[in-house]
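Letters A, B, ... mirror the listed sequences (proteins, then strands); counts begin at 1.
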Amino acid sequence: MANNLEKNYDPKGFEDRIYKMWEESGAFRGTRDPNKKPFTIVMPPPNITGQLHMGHALDHTLQDVLTRWKRMQGFDALWLPGSDHASIATEVKVADKIRTEEGKTKEEIGREEFLRRAWEWKATYGGMITDQCRKLGDSCDWERERFTMDEGCNRAVTEFFIRLYEKGLIYKGNRIINWCPSCGTSLSDAEVEHEDKNAKYYYIRYPGEDGGEGIVVATSRPETMFADVAIAVHPEDERYRHLVGKNVMLPLTGRAIPVITDSYPDRTKGTGAVKITPAHDPNDFEVGLRHGLEQPKCIDETAKMTALAGPYEGMDRYVCRKAWLSDLKEAGFVVKEEDMVIPLGGCYRCSDVIEPMLSEQWFVRMEELAKPAIEAAKNGDLSHVPERFEKIYLHWLEEIRDWCISRQLWWGHRIPAYYCKDCGEIIVAATAPTVCTTCSGSHIVQDEDVLDTWFSSGLWPFSTLGWPDNTEDLAYYYPTDVLVTGYDIIFFWVVRMVFSALEVMGEVPFHHVYVHGLVRDGEGRKMSKSLGNGVDPLEIIDQYGADALRFMLTTGISPGSDLRFTHDRLESCRNFANKLWNASRFVIMNLQDEDGEFLEIADISAGITQLALREEDKWMLAKANDAVSEITAHMDRYDLALAGQRVYELIWNEYCDWYIELVKPRLYGDDEVDKKVARAVLIKILSDMLAMLHPFMPYITEEIYGFLPNTDGMLIRADWPIYDKAADFPDAVEKMELAMAIIRSIRNIRAEADAGPSRKLRAVILPEAKKKAMLEPILGYVKHLGNLTEITVIEDKAEVPEEVMSAVVDGVEIFIPLDDLLDYPTEFARLKKEEARLEGDIQRLIGKLENPGFVGKAPEQVVAIERDKLAQNKETLEKIKERIVIVEKKL
RNA sequence: GGGGGCAUAGCUCAGUUGGUUAGAGCGCAUGCGUCACAAGCAUGAGGUCGCAGGUUCGAAUCCCGCUGUCCCCACCA
């Protein structure tokens, strides 16, 4: 009974089983092994709002490839998983759910009950996401799984908040913030997305209080006029000098406001005069502060007009704009309208237009925190791969303004600030105080707001390892090695982790930021819910297997660039898995007798080179050995795509296409000793290939590995292959390459002459004297793979048979007698084509070698190679020309 | 307004520090049911590497400019 792989490659038949085996064996677990070096990645926590999408699949596959590779290299590899509570996004989803299912608002349900529902949501979707990670093959340590609102993370958040507060880096203030009227909360600058929109400038006259012409001001937001408190002009602006210090009238309101001077107005923009609305514009706010102006609000938190708008009170901001403009026009105050493209801020969650608004919020003072984060990138403690992303990082930090961290939401970390109702004292503390520290009053209430989600995710690399406690995990695994994330999230998250970590840990949270791109659809569009062009990774896994998906996501792309998702590529990756499957099945089959018992295999424990290796063995070993160093070098540089590509070539083009074919006659032959050697090499190379492919295609490689003899344990724990100096066989490589070139040319002749594979052919070969010795040992390969009945080696041209097609390869002339099949026009065309190619090459080479600059300045080795090439080509051309003369006569 | 990416075969893309005849997958053409694999095998066609300069003995690769295209950032006078 054969003990082999299933006949057909069917990933469904083993992927789940293999994953369970890994997980139950504890292979994913970080053990803080003192004899190993740590390698740590913290998983960017997916939001609990939904399912994993293709972007996660990419992100996770890259992390898993790195983790598995390092684990095999002998590191104590820890990939720490978790999920993010995603304050605003989850709150919106849960509120929606309550509204559709029960027809109630969150206010009707109340804070406590709402939070209970949110936790229910977390229980459902959090579990879904981890199941999806398992399907992908994520080798993360599930026993260390964390959640941004678990007990430890909560403590970390509170501790961090208190520390910053006590250092004066967190303050509460009344300032202009980004307000999303739909979500009903403030947002940080990072959460606002700018987009150019077509809009209008309205030029509106503010008449002089004295009945004069007054001043014309351009604005795109006339509805904010009700909150105007002044008109500012530049102090050196001659046009308005006569008005400075006087009042102008706010049209239709009967309210007079002063004309003031300030450095802020730009004389070249608009009319050079700016209406000052401190409560609804950040620049105006600053101007207002400088001049001690009032800060009235005319738009409220729901984007409706306040009482200040008089008759327009209660109108939506845009309804009011329309009505107000119409009234202004009627009264003749609108001087001009101008079409304009204006960058408008939108909410990153709901796209509603952001209203800059004066509001009392909590802020993090950024200047001092940003400095060390900038420094870390500049001095190399933190590096971005690819490098260009460092610019985004630095730009964001250099331009950063204070970070608004309070959110008017319920789902999140509630701000650890308490107010004494008696004396107004603010107490920031880890636990709720019972009495006021100032007045001893007992009427104490906690701040209603929660913290920005990114405030807690900024702590992720160390909160997940135990901070603020001084845990063993933190000591062993921190700082982490690499953070893998998309470029779209650098300023949201990466910068915050860096400055948060530098502040409390005094060390960067990770040394490398490995940045990847976005997954796009077949047409190059971003995958999005609204376009409905998203592809569910689980469906793809179901269809093609996780390995094919992983391989597609990690190869054929360059680091940091977006990747287009196509079924074509997916299919070719699946085909590759299938190829490996069948090749492995073939190898395993040939290692066993009819009863499925393993046959004897040569012992390689003393080193593969101790065996009686044949030329093809040496060639294969040398090729695989080269691949080991190339692949490892690519991995070291995070060039996963190149590494994966090289494994592919090794497996398909070198092992399957050539080595297996070359070795077949030996497997079926009678030489028992030689058979054992062939088996040993087949297994050695196969297991090395499986190891190097394992990070990319963990399932299939593990499954195959389980069927190989002489392996104990699992591939996931196996050693990464290392370069072996002894496996460098230049002579054998040269011989085998000659054999391959000859075989190719014979196959070419066969194809050109329409001599199908079943047609038995013989060959006559005339080597140059110096190639003769090299030719002898490879004739067997040529005969076998050229599908020849016999090969005759001749020493003299006179022995060349009459009716032949011919080719010249590296100083070896090959003649194939074809008798009735010989078609001279075809042969003539073939030879002429070859002649033209050689002549072109020779011309180019002569040009190069006659250039004194090249000969004088290029490295000796390069010149020597070119010389050899020229000599070789000349000889080959000579021989081709001779053949042309002969064939021409036959035409 | 500021910054960045990309432009290579019909399509989607690789191409590490400049150095053989610029590669792959898919597609295309021809042949092949050969006992691991038709999700395969063999052979082949197909590219003046966006345009114009420069550096160099040598440029797809480095520099400058241009064109096209995509993206990011930017407090809406």
Side-chain angles (χ1 to χ4, degrees), chain A residues 5 7-9 176 178 189 192 194 196-197 199 201 203 217-221 265-266 269-275 281-286 340-345 353-354 356 388-389 391-392 395-396 399 401 487-488 491 517-518 522 524 526 555-558 560-564 566 568-569 571-590 630 633-634 637 639 641-642 645 648-649 656-657 660-661 664 744 747-752 754-758 787 837 840-841 844-845 848 851-859 861-863 865-866 869:
Chain A
L5 299 166
K7 175 95 171 66
N8 293 308
Y9 169 60
I176 296 280
N178 305 295
D189 294 336
V192 179
H194 290 88
D196 283 341
K197 291 267 169 68
Y201 273 0
Y203 288 76
V217 169
T219 179
S220 65
R221 294 188 299 159
D266 179 340
K269 278 171 141 183
T271 63
V274 190
K275 67 191 215 45
D281 182 284
N283 292 309
D284 295 4
F285 177 76
E286 297 296 326
M340 198 55 109
V341 173
I342 291 174
L344 264 190
V353 178
I354 292 300
R388 68 183 131 94
F389 290 105
K391 270 199 168 176
I392 297 180
H395 180 256
W396 182 259
E399 301 290 310
R401 284 169 297 150
Y487 57 70
D488 52 333
F491 52 84
L518 270 33
K526 200 167 161 175
T555 57
I557 50 163
S558 52
S561 60
D562 292 350
L563 126 98
R564 210 175 276 218
T566 64
D568 269 7
R569 294 222 304 122
E571 217 168 284
S572 87
C573 293
R574 193 269 321 265
N575 293 353
F576 170 54
N578 185 55
K579 183 74 182 179
L580 173 65
W581 185 268
N582 284 306
S584 304
R585 199 160 57 85
F586 171 80
V587 169
I588 293 163
M589 184 191 301
N590 282 286
E630 288 167 30
H634 288 315
R637 282 196 304 267
D639 265 332
L642 293 181
Q645 199 54 45
Y648 178 101
E649 283 165 15
C656 292
D657 288 351
I660 286 184
E661 295 305 329
K664 273 181 183 173
R744 282 199 195 93
R747 285 170 174 172
N748 173 259
I749 288 172
R750 199 183 267 281
E752 295 278 335
D754 256 336
S758 54
N787 195 14
R837 188 185 67 83
D841 267 14
R844 196 178 45 80
L845 289 165
K848 229 175 178 179
N851 179 345
F854 175 71
V855 180
K857 293 187 181 178
Q861 226 179 344
V862 174
V863 178
I865 289 170
E866 300 292 299
K869 224 177 346 182

Strictly below 4.0 Å: does A:K7 bring a side-chain N or O up to OP1 or OP2 of B:rC37? yes
Would you say the side chain of A:N283 and the base of B:rC75 hold a donor-acceptor pair, judged only by whether the two atoms sit under 3.5 Å apart? yes
I'd like to know if A:E661 reaches the base of B:rA36 with its side chain, counting only an N/O donor and acceptor under 3.5 Å. yes
Specify whether A:Y9 and A:W581 have parallel, tilted or perpendicular ring planes, treating 30° as the upper limit for parallel and 60° as the lower limit for perpendicular. tilted
Same-atom distance (P) from B:rG15 to B:rG50, integer angstrom: 15 Å
Nearest-angstrom distance, C1' atom, B:rA60 to B:rU20: 16 Å
Result for 5'-nearest mapping on RNA chain B, choosing between A:K848 and A:D754, is A:K848
5'-most contact on RNA chain B (nearest-nucleotide basis), A:E571 vs A:N851, goes to A:E571
Between B:rC49 and B:rC35 - C1' atom distance, rounded Å: 45 Å
What about A:R747: does its side chain form a donor-acceptor pair under 3.5 Å with the base of B:rA42? no
May I ask you to verify if any side-chain N or O of A:H194 is less than 4.0 angstrom from the OP1 or OP2 atom of B:rC75? yes
Report yes if a side-chain nitrogen or oxygen of A:K579 is closer than 4.0 Å to either non-bridging phosphate oxygen (OP1 or OP2) of B:rC41; otherwise report no. yes
